[in-house]
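Working notes, structure below.
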Amino acid sequence: MGITSLPSSIVTFLMPPEVMKQNREDVIAKEIGHGRVLTLNRPDHLNSISEKMVLMLGQKFEKYEKDENVEFVIVKGAGRTFSAGGELKRLYDGRNTRDSCLEFGYRLYWFCYQLQTYKKPHIVLSHGMSMGGGVGLMASMKFSVVTEKTFCSIPEANLGYHPDCGLSYILPRLSGRLGEYLGLTGATLKGKEVVAAGLATHFVPSQKLFQLEKSLLSINNGEEDTIRSVIDEFSTNVQIDERSVLSKLSIIDDCFSRETVEEILDSFEAEAGKKGNDWIMPVLKSIKKASPIGLKITLRSIREGRTQTLSECLRKEFRITMNTLRTIISNDLYEGIRAAIIDKDKSPKWNPSTLDKVHDEQLDLIFKPFEEHDLELQIPINEEEYCRWEGKYESSSYCLRTK
């Protein structure tokens with residue numbers, strides 16, 4: 001197994017994550033034996049991903065990948081949340097300043113590339129809430145551990161946005177049309193459902209999470225089989241209840257394989273009238289409240305992602321994000337954030353207001369590559385093309401033009 005005794009000096013660090021809030025760093029980094037532990041440390045903000053957080057994570061992951069003394073990396077969240085995704089208020093506050101979040105977005109998608117292509121094992125201990133970009137980070141790890149208190153959702157379409165942080169690559173690679181379902185509905189998966197869906201690798205009861213972390217940090221090598229064996233010792237088999245939405249995949253595959261959002265809704269509504277399908281009505285109600293343009297962008301992005309590489313998906317997501325923030329065709333994202341977390345009136349005024357008013361020509365403007373190639377997200381198409389660490393924000397055209 002390659003296990004050594006755990007130094008008693010690290011027991012304090014392995015205390016319940018609530019204590020982390022006393023440290024004001026957005027990310028707490030600890031070096032323990034051959035492992036490195038990164039704790040997302042914004043519990044008062046549901047560990048939402050800030051500019052400082054994504055910069056620190058990117059720097060640490062790059063450092064650890066190059067360090068021969070580092071065998072693996074563990075990521076977790078302080079408090080009762082792994083991560084609620086991107087910092088929405090920061091986006092809203094910058095709505096009147098062009099490209100106020102450009103650097104943040106660029107670094108975030110670059111970090112997503114780092115995670116998906118990392119050369120050393122990384123393990124996420126996702127306890128509590130994971131939403132949006134938090135799901136993208138969690139699902140990108142080699143080993144992703146969830147507990148019975150874990151719940152995940154991808155509610156971006158409800159806000160006039162799109163699944164990002166690599167989710168347009170991850171979602172279409174789930175079983176059948178589950179990716180379209182999760183992206184369009186914002187439905188919540190809990191505990192074992194997250195593993196069964198393919199968004200996590202292991203289910204570990206929450207009372208065993210502390211001991212699992214201790215055991216992982218006792219490993220003296222980073223072999224994937226060794227790490228897997230340790231996690232397997234604490235994990236339990238996953239069986240899905242017949243009431244779970246994951247037991248309804250035949251309906252989901254049929255309805256969410258339709259060509260358009262309108263056709264998906266029509267077929268889903270038809271299924272709702274059949275015996276035993278009471279679960280569909282609240283889901284339909286949720287979709288119908290979502291941003292029409294958010295729904296259309298989400299479906300197109302996931303569908304394109306089925307045949308795109310990781311790099312193509314991340315470049316596309318960067319384009320969509322920048323054009324959305326620039327309100328190229330709509331201000332739905334800012335309106336969605338206003339209604340959800342600023343005024344909290346839960347009554348967004350979408351523009352366009354209905355699905356039939358969202359036209360393909362409008363969507364083309366959101367997905368269209370930038371006229372200048374240098375303004376695209378500069379991530380490697382393949383590792384043989386150029387250095388893995390080129391293309392970061394510091395060497396991008398955006399940064400160089402402001403110097």
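Source: prediction; values computed, not measured.
- Within the 4.5 Å cutoff, no side-chain heavy atoms of Arg338 are placed close to those of Arg95.
- Between Asp93 and Arg90, no side-chain nitrogen of the basic residue sits less than 4.0 Å from a carboxylate oxygen of the acidic one, so the salt-bridge criterion is not met.
- For the pair Ser301/Lys316, a side-chain contact is recorded, criterion being any heavy-atom separation below 4.5 Å from C-beta on.
- Pairs passing the ring pair (Phe, Tyr, Trp, His ring centres under 6.0 Å) check and including a residue from residues 301-323, sequence neighbours excluded, read Tyr106-Phe318.
- Residue pairs meeting the ring pair (Phe, Tyr, Trp, His ring centres under 6.0 Å) criterion with at least one member in residues 151-185, sequence neighbours excluded: Tyr181-Phe256.
- Looking at Lys60 and Glu31, no side-chain N of the basic residue comes within less than 4.0 Å of a carboxylate O on the acidic one, giving no salt bridge.
- Contacts of Ile341 classified as side chain to side chain contact (heavy atoms under 4.5 Å, CB included), with partners at least two apart in sequence or in another chain: Leu88, Lys89, Ile337.
- Between the CG atom of Leu212 and the CD1 atom of Ile74 there is a distance of 7.5 Å, given to the nearest 0.5 Å.
- Residues satisfying the side chain to side chain donor-acceptor pair (under 3.5 Å) criterion with Asn69, sequence neighbours excluded, are absent altogether.
- Partners of Glu271 under the salt bridge (charged side-chain N to carboxylate O under 4.0 Å, His left out) rule, at least two apart in sequence or in another chain, are Lys274.
- Counting heavy atoms from C-beta on, the side chains of Glu156 and Asp164 come closer than 4.5 Å.
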- request: Test Gln116 against Ser140 for side-chain hydrogen bond (donor to acceptor under 3.5 Å, both in side chains), laying out the working first.
  value: CA-CA 5 Å; Gln116 288 271 4; Ser140 296; 3.1 Å; yes

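- With a 4.5 Å cut-off on side-chain heavy atoms, Phe61 and Leu38 count as touching.
- Residue-environment remark: CG (Asp241) exceeds the threshold of 12 foreign heavy atoms within 6.0 Å.
- A donor-acceptor pair shorter than 3.5 Å can be found between the side chains of Asp232 and His202.
- A donor and an acceptor atom, one from each side chain of Thr354 and Asp356, are located under 3.5 Å apart.
- Sorted pairs that involve residues 322-369 and meet ring pair (Phe, Tyr, Trp, His ring centres under 6.0 Å), not counting sequence neighbours, are lacking altogether.
- Lys52 NZ: more than 12 foreign heavy atoms inside a 6.0 Å radius.
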- prompt: Going through the distances and angles, do Leu299 and Ile264 end up as a side chain to side chain contact (heavy atoms under 4.5 Å, CB included)?
  reply: CA-CA 10 Å; Leu299 182 61; Ile264 288 173; 4.0 Å; yes

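- Looking at Val135 and Leu182, their side chains never come closer than 4.5 Å, going by heavy atoms from C-beta outward.
- For the pair Leu310 and Ile379, the minimum side-chain heavy-atom distance is 4.5 Å or more.
- Applying the salt bridge (charged side-chain N to carboxylate O under 4.0 Å, His left out) test to Arg319 and every residue at least two apart in sequence or in another chain returns Glu376.
- Listed by chain and residue number, His127, Thr147, Ser206 satisfy the side chain to side chain contact (heavy atoms under 4.5 Å, CB included) test with Lys149 (two or more places apart in sequence, or in another chain).
- Side-chain contact between Leu199 and Leu174: present, with at least one pair of heavy atoms (C-beta onward) separated by less than 4.5 Å.
- Side-chain contact annotation: Glu87 with Ser50, donor-acceptor N/O pair under 3.5 Å absent.
- With a 4.5 Å cut-off on side-chain heavy atoms, Glu71 and Lys120 do not count as touching.
- Evaluation of the salt bridge (Lys or Arg N to Asp or Glu O under 4.0 Å) test over residues 103-116, restricted to residues two or more places apart or in two chains, returns Glu103-Arg107, Arg107-Glu394.
- In this structure, Glu180 pairs ionically with Arg306, as a charged nitrogen and a carboxylate oxygen lie closer than 4.0 Å.
- Glu304 and Arg300 are joined by a salt bridge, as a carboxylate oxygen and a charged side-chain nitrogen come within less than 4.0 angstrom of each other.
- Asp266 meets the side chain to side chain contact (heavy atoms under 4.5 Å, CB included) test with no other residue; sequence neighbours excluded.
- Closest approach of Ile227 to Gly222, counting heavy atoms only: CD1-O, 4.1 Å.
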message: Could you walk me through whether Phe203 and Thr150 satisfy the side chain to side chain contact (heavy atoms under 4.5 Å, CB included) test, starting with their C-alpha distance in whole Å, then the side-chain angles of each, then the deciding distance to 0.1 Å, before giving a yes or no?
response: CA-CA 10 Å; Phe203 176 86; Thr150 300; over 6 Å; no

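- The shortest heavy-atom contact between Met281 and Ala272 is SD-CB, 3.5 Å.
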- prompt: What's the verdict on side chain to side chain contact (heavy atoms under 4.5 Å, CB included) for Val73 and Tyr118, showing C-alpha distance, side-chain angles and the deciding distance?
  reply: CA-CA 10 Å; Val73 182; Tyr118 208 60; 4.1 Å; yes

query: Is there a side chain to side chain contact (heavy atoms under 4.5 Å, CB included) between Arg326 and Leu102 once you walk through the steps?
result: CA-CA 10 Å; Arg326 291 168 178 169; Leu102 188 152; 4.0 Å; yes

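- Applying the 6.0 Å contact sphere to CD of Gln207 captures more than 12 heavy atoms from other residues, nucleotides or ligands.
- In this view, Ser153 and Met131, Pro155, Thr188 satisfy the side chain to side chain contact (heavy atoms under 4.5 Å, CB included) rule, not counting sequence neighbours.
- Summarising the geometry of Val124 relative to Met138, their closest heavy-atom pair is CG1-O, 3.7 Å, with the distance given to 0.1 Å.
- Residues meeting the side chain to side chain donor-acceptor pair (under 3.5 Å) test with Lys66, sequence neighbours left out: Glu62.
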